Amino acid sequence: IWPPSEFIEDCMKCYKNKDWEGLFVCFDSHALLPMFLEIHEELNDEEYFSFLGMVLNRGSYFYDFSEELLFLLNHPKKDINKRFKLMDEKELKIYNSLPEWGTIYRGAKIKTAIGHSWTLDKDKAKWFASRYNGTTVLIKGEFKKKDVIAYFGREKEIFIDPENIRKKKHIKIFENI
């Protein structure tokens with residue numbers, strides 16, 4: 001039987017002991033945002049942004065939660081100067097070295113074409129555009145460094161408010177079967 005009872009007990013123990021890092025290990029990517037929402041008020045500012053970064057970095061679908069994400073990233077009770085904690089040290093180093101202006105790409109379904117997660121890697125965006133059935137699109141845009149919320153290395157991802165992406169242009173439409 002999955003999950004084994006010991007696993008569930010370990011997760012419950014993490015929750016009870018406020019071992020948030022241990023608790024996050026218990027959940028797959030789709031459950032991280034709800035888990036974060038459950039515990040976010042318990043976290044200090046550095047923990048808050050560190051765990052939110054884990055949600056954003058490991059998560060895979062945020063289109064339906066755009067407004068909630070923007071609220072969480074700009075939470076009025078949190079010190080947004082700690083947002084650098086969204087990234088690990090290596091990611092922060094790359095973030096700090098980003099040019100003042102740059103080009104980003106996004107591969108997505110037509111319905112979710114404009115979202116928060118973009119990439120510096122055109123081939124990665126093409127991969128995203130080809131992974132879904134139906135009509136998908138490859139989009140190119142420009143970002144200003146000051147508007148980038150975070151950089152995540154796993155996919156050379158630029159996490160940005162879509163309102164701040166300039167010169168958005170569909171560069172290819174795919175019909176995937």
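Every value quoted in this text rests on a predicted model; they were computed, and no experiment measured them.
Environment of NZ in K13: sparse, with no more than 12 heavy atoms of neighbouring residues, nucleotides or ligands closer than 6.0 Å.
In this structure, E21 CD and E47 CD are separated by 9.5 Å, a value rounded to the nearest 0.5 Å. Distance OG/S50 to CH2/W20: 14.0 Å, rounded to 0.5 Å. With values rounded to the nearest 0.5 angstrom, L86 atom CG is found 11.5 Å from M54 atom CE. Between the NZ atom in K167 and the OG1 atom in T103 there is a gap of 9.5 Å [rounded to 0.5 Å]. In this structure, CZ in F152 is found 7.0 Å from CE in M87, a value given to the nearest 0.5 Å.
Qualifying disulfide (SG to SG under 2.5 Å) partners for C14, counting only residues two or more places apart in sequence or in other chains: none. Residues meeting the salt bridge (Lys or Arg N to Asp or Glu O under 4.0 Å) test with K78, sequence neighbours left out: D45. For Y48, the ring-ring contact (aromatic ring centres under 6.0 Å, His included) partners two or more places apart in sequence, or in a different chain, are F36, H75. Under the side-chain hydrogen bond (donor to acceptor under 3.5 Å, both in side chains) criterion, D10 pairs with no residue, sequence neighbours left out. Residues passing the ring-ring contact (aromatic ring centres under 6.0 Å, His included) test with F143, sequence neighbours excluded: none. Scanning for salt bridge (Lys or Arg N to Asp or Glu O under 4.0 Å) contacts around D147 gives R166, with sequence neighbours left out. For K82, the salt bridge (Lys or Arg N to Asp or Glu O under 4.0 Å) partners at least two apart in sequence or on another chain are E46. Take E42 and apply the salt bridge (Lys or Arg N to Asp or Glu O under 4.0 Å) test, not counting sequence neighbours, and it matches K18.
Screening residues 77-102 for ring pair (Phe, Tyr, Trp, His ring centres under 6.0 Å), with sequence neighbours left out, gives no hits. Within the structure, every pair that satisfies the side chain to side chain donor-acceptor pair (under 3.5 Å) test and touches residues 113-125, not counting sequence neighbours, is listed here: S117-E157.
Here the side chains of V55 and L72 are not in contact, with every heavy-atom distance at 4.5 Å or above. Counting heavy atoms from C-beta on, the side chains of L98 and I158 come closer than 4.5 Å. Counting heavy atoms from C-beta outward, I139 and K172 have side chains that stay 4.5 Å or more apart. Counting only heavy atoms from C-beta outward, the side chains of D88 and N57 never approach each other to under 4.5 Å. Proximity of E142 to I165: side-chain heavy atoms (C-beta onward) are nowhere separated by under 4.5 Å.
Residues D161 and I149 share a closest heavy-atom pair of N-CD1, 3.8 Å. Among all heavy-atom pairs drawn from G115 and P162, the shortest one is O-CG, 3.5 Å. The shortest non-hydrogen separation linking Y15 to I39 is CE1-CG2, 4.0 Å. Taking both residues in full, the closest heavy atoms of A113 and V137 are given as CB-CG1, 3.8 Å, listed atom of the first, atom of the second, then distance. Nearest heavy atom pair, residue L23 against residue M35, reads CD2-SD, 3.2 Å. Of all the heavy atoms in L73 and F49, the pair that sits closest is O-CE2, 3.9 Å.
In this model, a donor atom of one side chain and an acceptor atom of the other lie less than 3.5 Å apart for D79 and N81.
For the pair R131 (side chain) and K126 (backbone), a donor-acceptor distance under 3.5 Å is absent. Side chain of T136 to main chain of K109: no donor-acceptor pair is present (N/O by atom type, distance under 3.5 Å, no hydrogens or angles). Between the side chain of D19 and the backbone N or O of G22, at least one donor-acceptor pair lies under 3.5 Å.
Here L70 is tied to no hydrophobic group at all, with no ILVMFWY side chain closer than 4.5 Å. Hydrophobic cluster membership for I171: Y105, L138, F174 (Ile, Leu, Val, Met, Phe, Trp, Tyr linked by side-chain heavy atoms under 4.5 Å, directly or transitively).
Residue L32 is not grouped with residue V25 when hydrophobic side chains (ILVMFWY) are merged at heavy-atom distances under 4.5 angstrom, including chains of intermediate members.
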| request: Quick one: do R83 and I80 satisfy side chain to side chain contact (heavy atoms under 4.5 Å, CB included)? Show the steps, please. | output: CA-CA 5 Å; R83 280 203 316 202; I80 64 165; 4.2 Å; yes
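Remark: aromatic rings of F159 and Y151 are distant, center separation not under 6.0 Å.
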